[in-house]
Amino acid sequence: MPGLTLPRSGQLNLAAILASQHPTIDLHLAQFNSLATAELNQRREAHTTELKRLNGRAQNIEKETNQCKVKEIELIEVLEHEREETKEVESAVAALRPHVAVQREASAALDADIEQYRARVAILRNERELERKTLDAQRAHVPEELRIFERALGCVIEGVGPDQLLIRYVLKDAQGSRSTHEASFVLDVSSPSYKVVTSTPLLPTLRTLLDQLNETLDIYTFIKHMREAYVKLFS
């Protein structure tokens, strides 16, 4: 048996053994058996320990292998799910392509309309600017022309609201008299048919004068006739 060594008790005297009446050789078999048994037990235990270690390792490997298989199955399911989602996305994209093309055409048409609108707005702005400059130039002459108009008609004209004019008169009682009377009316010019909103004092002939105004559309003459009617009322 490899590794098993018998103890040596001294030199073997082969001549003395052969000269004896009953020659025998003590091979120390009992001691050898004891050592052999111990060696076998030790090797058996080492083998058992190694088998346990290998079994444990095999179980760990099998467990890891099973876990890898489970992960592989899960990964396959994930890949399959992603493949289905990819197909759905591709199908949706394919279905949307015609709509996208239509939207692009509509967007291009809208861009063209916007450019036309911007060009039109630019033109209108230029026209508005020219109109503003023209009105500013005309407005510069309005106060002077208005004063001349007021002196000719013997009244004061003021704006009191959108499309409404207040015409006021200061009337002398008689020639040489210092007493005066005030009269006024508000004329609404917001529509083609003129209206007198208020008259102070109220004139009995107001309806007739207003009808004449809407027939002739001559505001200048209407203001003169209103003055004459107030003068006649106070006289």
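- Scored by the side chain to side chain contact (heavy atoms under 4.5 Å, CB included) test, E45 finds no partners at all (sequence neighbours excluded).
- With sequence neighbours excluded, no residue forms a salt bridge (charged side-chain N to carboxylate O under 4.0 Å, His left out) with R125.
- V156 belongs to no hydrophobic cluster, as no Ile, Leu, Val, Met, Phe, Trp or Tyr side chain comes under 4.5 Å of its own.
- The line from CG of L187 to CZ of F222 is 6.0 Å long, rounded to the nearest 0.5 Å.
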Could you pull out every donor-acceptor pair under 3.5 Å between side chains of residues 108-121 and any protein atom, sequence neighbours left out?
residue	atom	partner	partner atom	Å
E115	OE2	R118	NH1	3.3

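- With rounding to the nearest 0.5 angstrom, the CD1 atom of I167 is 5.0 Å from the CD1 atom of I223.
- Proximity of M226 to L203: side-chain heavy atoms (C-beta onward) are separated by under 4.5 Å at one or more points.
- Every residue was checked against the side-chain hydrogen bond (donor to acceptor under 3.5 Å, both in side chains) condition with S184, not counting sequence neighbours, and none meets it.
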Expected list for residues 85-104: side-chain donor-acceptor pairs under 3.5 angstrom, two or more places apart:
residue	atom	partner	partner atom	Å
E85	OE2	H81	NE2	2.7
T86	OG1	E82	O	2.7

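- In this structure, N214 has no side-chain hydrogen bond (donor to acceptor under 3.5 Å, both in side chains) partners at least two apart in sequence or on a different chain.
- Applying the side-chain hydrogen bond (donor to acceptor under 3.5 Å, both in side chains) test to Y230 and every residue at least two apart in sequence or in another chain returns S199.
- Annotation: side chain to side chain contact (heavy atoms under 4.5 Å, CB included) contacts of T198 (sequence neighbours excluded): V186.
- Considering only heavy atoms from C-beta on, R43 stays 4.5 Å or farther from L40 through its side chain.
- E158 pairs by the salt bridge (charged side-chain N to carboxylate O under 4.0 Å, His left out) definition with R168, not counting sequence neighbours.
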Would you list the atom pairs, donor with acceptor, under 3.5 Å between side chains in residues 204-213 and any protein atom, with sequence neighbours excluded?
residue	atom	partner	partner atom	Å
R207	NE	D211	OD1	3.3
R207	NH2	D211	OD1	3.0

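- If you take CG on L51 and CZ on R44, they are separated by 12.5 Å, rounding to the nearest 0.5 Å.
- You'll find the side chain of Y169 stays beyond 4.5 Å of the side chain of F234, heavy atoms only.
- When side chains are defined from C-beta on, Y194 counts as touching L217, because their heavy atoms get closer than 4.5 Å.
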Throw together a table of side-chain donor-acceptor distances under 3.5 angstrom for residues 58-74, partners on residues two or more places apart or in other chains.
residue	atom	partner	partner atom	Å
N60	ND2	G56	O	3.3
T65	OG1	I61	O	2.6
N66	ND2	E62	O	3.2

